[in-house]
Amino acid sequence: DENVTIDFDPNNSNTATLVGHLTYKVNGHEYEVKGYSVQGADKSNYSVVSGSYYECSTYKGKGVNNINFYVPSALIRMDMAYEPVKLIVTWAPAGGTVLCLNGHSITMNEDNTAVITIESGVTFTLYDDCSDTGNGKITHGTNGTTGSKYTGRGVSVDGTFNMYGGEITGNETHEITVGGGGVYVAKNGVLNMSGSAVISGNTVYKGTAFSAGSGGGVNVNGGTFNMNGGTISNNTADIYGSGVYVDAKGVFNMSGGTITENLRNGGVALSDASTFNMYDTAVISNNEHGADGGGVYVRSSIFNMYGGTIIGNRVTSSANDGGGVALMGTGSIFTMYGGSIVGNETLRSGGGVYVDNQNVFYMQGGTITGNNVNGDSDDSTYKKYYNGGGVFVGGGYKDSSSTYISATFKVSGSARITGNTKGATTKDDKTGCYTGGTSNNVFLLKYNDNAQQATITIADTLTDGASNLTFNIQH
């Protein structure tokens with residue numbers, strides 16, 4: 001049997017709290033530690049509440065340094081700081097574990113290894129109530145010999161992960177089949193995020209599959225992500241969804257919190273019959289994408305916007321579209337019941353919303369305003385694509401080899417599309433809207449003489465709330 005030693009600084013009066021079960025695994029086997037010792041402090045300086053200790057398995061071949069510790073059904077309070085926990089094997093917490101980081105960090109010092117793995121059937125809760133030293137972190141360290149950062153995601157979720165505080169940061173994945181630099185949510189896994197939780201500064205590099213290079217902050221691969229609060233920011237991905245990527249019929253429900261300043265490949269991306277529901281105070285802001293969909297990219301999936309705000313997102317490539325929202329692939333459906341799409345920009349088509357290729361945009365409420373197309377072409381063949389400050393709708397094209405059915409755009413209820421522009425170069429700091437330029441609200445494209453003209457359908461009767469609905473229809 002082995003005891004776990006927790007080292008800490010007796011000269012520091014900070015308090016660290018660990019609640020619940022902590023385990024470690026080696027070669028697939030779970031080990032339990034029955035005791036602990038405290039070095040450098042008198043027993044009066046710490047306490048154990050409701051503790052009960054279990055016999056542990058024989059553990060051979062490794063010392064206890066740099067492996068995790070296990071405290072079954074106990075609340076440990078130490079009235080002084082301890083050194084950050086450093087791991088060389090992933091920590092797989094037992095069911096019911098509740099961990100308060102209290103400003104401290106858990107660092108993985110091994111390649112291709114998640115810091116925490118939440119197994120199927122296990123519920124793990126993470127929070128941080130420390131207000132003096134800032135968020136505790138789930139992160140990867142740096143190899144002292146090579147100077148390179150250790151690789152692996154922050155948290156891998158097959159069970160249920162409740163994240164109410166703390167920060168998942170500084171994690172990166174390489175050469176894997178599925179992405180998720182910060183958090184990976186597998187099929188049947190659930191991530192619940194709220195409070196002061198932060199997922200920031202994580203990276204996923206392209207691996208062996210499309211989804212492998214996606215989801216710098218969070219990758220939902222058939223699981224469920226409920227975001228009621230917190231922040232997802234400054235993450236990057238090689239392909240799609242620097243902030244959040246959802247595929248394999250996954251579900252993302254966002255009723256609060258902010259997804260912001262995720263660079264290179266956008267805020268949120270959906271693929272493969274997945275669903276994104278956006279509500280209430282949720283905000284997707286100031287994300288950038290070098291391809292389509294600065295704020296939200298929808299590929300063969302469903303996006304329902306009941307509320308919230310998509311603001312200040314940008315497509316930075318002159319060959320791509322949809323500053324706020326882009327509907328791509330086939331069978332994508334975007335239904336807007338409420339909320340606002342404001343102050344987004346693209347260099348080509350659809351500053352607010354871009355819809356094309358057998359995809360559907362139903363606008364039953366909400367506002368699209370202050371968005372901008374800030375690009376142009378001297379080539380008459382391509383010049384028409386640089387339009388749709390508010391909404392760009394592509395027409396179908398038919399030739400001897402292929403048939404493309406035009407996109408569908410239906411408007412009803414209290415929908416408002418107004419104040420969108422082309423060529424604006426200034427932005428109102430208070431409203432986030434682009435100003436100046438020329439009015440360019442809705443653009444309906446006909447590719448050429450053999451193509452089907454894109455159309456807009458006014459369904460049912462517009463309500464009084466749609467009195468400011470204005471169209472600048474061009475083809």
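Just so you know, these numbers use all the heavy atoms, side chains as well, and skip hydrogens, waters and symmetry mates.
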For the pair W91 and F124, name the ring-plane relationship: parallel under 30°, tilted 30 to 60°, perpendicular over 60°.
perpendicular
Parallel, tilted or perpendicular: which fits the ring planes of Y297 and H289, with parallel below 30° and perpendicular above 60°?
perpendicular
Identify the heavy atoms of S301 and D272 that sit nearest to each other, and give their distance.
OG-N, 3.6 Å
Heavy atoms of D111 and T113 approach each other most closely as O-OG1, 2.9 Å
State whether a side-chain donor-acceptor pair under 3.5 Å links [X] with [Y].
X: S156; Y: T117; answer: no
X: N221; Y: Y184; answer: yes
X: T125; Y: N162; answer: yes

Does the [X] side chain pair with the main chain of [Y], one donor and one acceptor, at a distance under 3.5 Å?
X: N313; Y: G293; answer: no
X: N320; Y: S317; answer: no
X: D128; Y: G136; answer: yes
X: K410; Y: F361; answer: no
X: N344; Y: G351; answer: no
X: T145; Y: N143; answer: no
X: N287; Y: E261; answer: yes
X: N265; Y: S242; answer: no
X: T139; Y: T169; answer: yes
X: T90; Y: A114; answer: yes

Is a salt bridge present between R264 and D238, judged by a nitrogen-to-oxygen distance below 4.0 Å?
yes
For the rings on Y240 and Y245, is their centre-to-centre separation under 6.0 Å?
no
Taking atom CE of M336 and atom CD of Q364, what is their separation to the nearest 0.5 Å?
11.5 Å
OG1 on T330 to CD on Q358, rounded to 0.5 Å:
6.0 Å
Check the pair N234, N262 against side-chain contact (heavy atoms from CB on, under 4.5 Å), reporting the backbone distance first and the verdict last.
CA-CA 4 Å; N234 295 298; N262 298 282; 5.5 Å; no
Does some side-chain heavy atom of N372 sit less than 4.5 Å from a side-chain heavy atom of N420?
no
Is there a side-chain contact between F161 and N192, using heavy atoms and a 4.5 Å cut-off?
no
Please lay out, stage by stage, how T260 and S285 fare under the test side chain to side chain donor-acceptor pair (under 3.5 Å).
CA-CA 5 Å; T260 187; S285 65; 3.0 Å; yes
Should we count NZ of K249 as having more than 12 external heavy atoms under 6.0 Å?
no
T346 and D321: side chain to side chain donor-acceptor pair (under 3.5 Å), yes or no, with the steps?
CA-CA 6 Å; T346 183; D321 314 297; 5.2 Å; no
Using side chain to side chain contact (heavy atoms under 4.5 Å, CB included) as the criterion, point out the one residue from V325, I341, V268 that pairs with I284.
V268
side-chain hydrogen bond (donor to acceptor under 3.5 Å, both in side chains) partner of T151, the single match among T203, N171, N112
N112
Decide yes or no on side chain to side chain donor-acceptor pair (under 3.5 Å) for S233 and T231, but give the supporting numbers first.
CA-CA 6 Å; S233 65; T231 302; over 6 Å; no
Test side-chain contact (heavy atoms from CB on, under 4.5 Å) on I106 and L99; report intermediate values, then the result.
CA-CA 11 Å; I106 301 178; L99 172 63; 3.7 Å; yes
Given the options F409, Y385, F392, Y354 meets ring pair (Phe, Tyr, Trp, His ring centres under 6.0 Å) only with F392
Step by step, would you call S255 with M227 a side-chain contact (heavy atoms from CB on, under 4.5 Å)?
CA-CA 6 Å; S255 60; M227 185 176 181; over 6 Å; no
F225 and V246: CA distance, side-chain angles, deciding distance, side-chain contact (heavy atoms from CB on, under 4.5 Å) verdict
CA-CA 9 Å; F225 178 19; V246 188; over 6 Å; no
Step by step, work out the side chain to side chain donor-acceptor pair (under 3.5 Å) result for E345 and Y434.
CA-CA 9 Å; E345 184 180 57; Y434 283 92; 3.2 Å; yes
